[in-house]
Participant: 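After the structure tokens below, expect a handful of questions from me.
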Amino acid sequence: MRVGLTGGIGAGKSAVAALFEEFGALVIDTDRLAREAVANDSEGLREIARAWPQVVRDGVLDRQALAEIVFADPSARARLDAIVHPRVRRLALERERLARPGQLVVHVVPLLFETDYAALVERSIVVVAPLAQRMARIQARDGLEESRIRARVRAQVAPEEARTRADLVIENDGGLDALRTRARAVYDRLTGAPP
């Protein structure tokens, strides 16, 4: 079964993905694939350089400079998505070939509902957490100022809407033990394991 795992920035989808991998799933992280899609000397990077020459210096992508542009301008973000997303999907489907027969395949997709990636999966899971916890996690992890964090939050589907669109919801409003228990329950449900 192919499932999509999403959640707003700082919600804890990476932690859930790590747990799913520990439980036996093949995890395909589209953020990592997005980096691969625009790696040095790739066609994806050359296309970005044609669109925004100021964000590629000596053949290296300045991710922060690109983020400043695309999180401030929805049309720029759409243009970047058109460059990156098809390449990411192709790489993700290639990675699926590594799955063992019957293994749960989990695509970690920050923009699962914002793009049409949701159409590629059989089930969708959203990880949700209170905004204050998300903001604190992002600040601690990335050191971003509040205005930049809020810009990234606004670029994603609101958690309330994601809840209604997802097949399954994992609440991440407690500690790691609670998250592990909730993630395990969802994993067992998807794989048909006995409770």
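By convention here, the first residue in the shown sequence is residue 1.
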Participant: Give the minimum heavy-atom separation between Val88 and Ala37, together with the two atoms involved.
Facilitator: CG2-CB, 4.4 Å
Participant: When you compare the side chain of Leu61 with that of Leu66, does any pair of heavy atoms fall below 4.5 Å?
Facilitator: yes
Participant: With side chain to side chain contact (heavy atoms under 4.5 Å, CB included) as the test, would you mind laying out the steps for Val127 and Leu5 before giving the verdict?
Facilitator: CA-CA 8 Å; Val127 181; Leu5 174 64; 3.7 Å; yes
Participant: Under a single-linkage definition using a 4.5 Å side-chain heavy-atom cutoff for Ile, Leu, Val, Met, Phe, Trp and Tyr, are Val109 and Val27 assigned to the same hydrophobic cluster?
Facilitator: no
Participant: Would Val186 end up clustered with Val3 when hydrophobic side chains under 4.5 Å apart are linked, directly or stepwise?
Facilitator: yes
Participant: Surrounding CZ of Arg50 (heavy atoms of other residues, nucleotides or ligands, distance under 6.0 Å), is the total greater than 12?
Facilitator: yes
Participant: Say whether Val128 and Ile170 are linked into one hydrophobic cluster, either directly or through other cluster members, by side-chain heavy-atom distances under 4.5 angstrom.
Facilitator: no
Participant: For Arg182 versus Gly174, what's the shortest heavy-atom pair and its separation?
Facilitator: NH1-N, 4.5 Å
Participant: Regarding Glu36 and Arg32, does a basic nitrogen lie under 4.0 Å from an acidic carboxylate oxygen?
Facilitator: no
Participant: Roughly how far apart are Glu94 CD and Arg90 CZ, rounded to 0.5 Å?
Facilitator: 7.0 Å
Participant: Which residue pairs satisfy the ring pair (Phe, Tyr, Trp, His ring centres under 6.0 Å) criterion with at least one member in residues 21-61, sequence neighbours excluded?
Facilitator: Phe23-Tyr187
Participant: Side chains of Leu26 and Val106: closer than 4.5 Å at any heavy-atom pair?
Facilitator: no
Participant: Mind listing the closest non-hydrogen atom pair of Gly44 and Val38 along with its distance?
Facilitator: C-CG1, 4.1 Å
Participant: Find the distance between CG (Leu45) and CD (Glu43) and round it off to the nearest 0.5 Å.
Facilitator: 9.5 Å
Participant: How far apart are the closest heavy atoms of Leu33 and Leu91, and which atoms are they?
Facilitator: O-CD1, 3.7 Å
Participant: Output yes when a side-chain donor or acceptor of Asp142 lies under 3.5 Å from a complementary backbone atom of Leu144, and no otherwise.
Facilitator: no
Participant: Run the salt bridge (charged side-chain N to carboxylate O under 4.0 Å, His left out) test against Arg163 and tell me which residues pass, sequence neighbours left out.
Facilitator: Glu171
Participant: Is it the case that more than 12 heavy atoms not belonging to Arg35 sit under 6.0 Å from its CZ atom?
Facilitator: no
Participant: Are Leu131 and Ile9 linked, directly or through other ILVMFWY residues, by side chains that come within less than 4.5 angstrom of each other?
Facilitator: yes
Participant: As an exercise, state the distance from CZ of Arg2 to CD1 of Ile28, rounded to the nearest 0.5 Å.
Facilitator: 8.0 Å
Participant: What is the distance from atom CG of Leu19 to atom CG of Leu176, rounded to the nearest 0.5 Å?
Facilitator: 6.0 Å
Participant: Determine, for Arg89 against Asp116, whether the closest basic-nitrogen to carboxylate-oxygen distance falls under 4.0 angstrom.
Facilitator: yes
Participant: Are the side chains of Arg148 and Glu68 in touch, meaning some heavy atoms are under 4.5 Å apart?
Facilitator: yes
Participant: Taking Ser75's backbone N and O only, do any of them form a donor-acceptor pair with Asp73's side chain (distance below 3.5 Å, no angle check)?
Facilitator: yes
Participant: Are any non-hydrogen side-chain atoms of Val55 and Ile48 less than 4.5 angstrom apart?
Facilitator: yes
Participant: Measure from the side-chain N and O atoms of Asn172 to the backbone N and O of Ala11, and report whether any donor-acceptor pair falls under 3.5 Å.
Facilitator: yes
Participant: With no hydrogens and no angle check, is any side-chain donor or acceptor of Asp167 less than 3.5 Å from a backbone partner on Ser124?
Facilitator: yes
Participant: Quick one: pull up OG1 in Thr30 and CG in Leu112 and give me the separation to the nearest 0.5 Å.
Facilitator: 9.0 Å
Participant: Side-chain contact test, heavy atoms from C-beta onward, threshold under 4.5 Å: evaluate it for Ile138 versus Arg141 and give yes or no.
Facilitator: yes
Participant: Taking the side chain as C-beta and beyond, is there a heavy-atom pair between Thr181 and Arg184 under 4.5 Å?
Facilitator: no
Participant: Answer yes or no: is there a donor N or O on one side and an acceptor on the other, between the side chain of Glu122 and the main chain of Met1, under 3.5 Å?
Facilitator: no
Participant: Does the Arg87 side chain pair with the main chain of Ala34, one donor and one acceptor, at a distance under 3.5 Å?
Facilitator: no
Participant: Please report the interatomic distance CZ(Arg46) to CG(Asn40), rounded to the nearest 0.5 Å.
Facilitator: 10.5 Å
Participant: Hydrophobic clusters here meaning ILVMFWY residues chained together by side-chain heavy-atom distances under 4.5 Å, can you tell me if Leu190 and Val108 are in one?
Facilitator: yes
Participant: Is it true that, when you exclude Asp41 itself, more than 12 heavy atoms of the residues, nucleotides or ligands shown sit nearer than 6.0 Å to its CG?
Facilitator: no
Participant: Please determine if Arg152 and Glu145 form a salt bridge, counting it only when a charged side-chain N lies under 4.0 Å from a carboxylate O.
Facilitator: no
Participant: Without swapping roles, check the side chain of Arg165 against the backbone of Phe113 for a donor-acceptor pair under 3.5 Å.
Facilitator: yes
Participant: After noting the C-alpha distance and the side-chain angles of Met135 and Arg150, does the key distance pass the side chain to side chain contact (heavy atoms under 4.5 Å, CB included) rule?
Facilitator: CA-CA 8 Å; Met135 299 281 288; Arg150 290 192 182 279; 3.8 Å; yes
Participant: Check Arg77 against Phe71 and note the closest heavy-atom contact, atom names and distance.
Facilitator: NH1-CA, 3.9 Å
Participant: Which pair of non-hydrogen atoms, one from Val126 and one from Gly7, has the smallest distance, and what is that distance?
Facilitator: CG2-CA, 4.0 Å
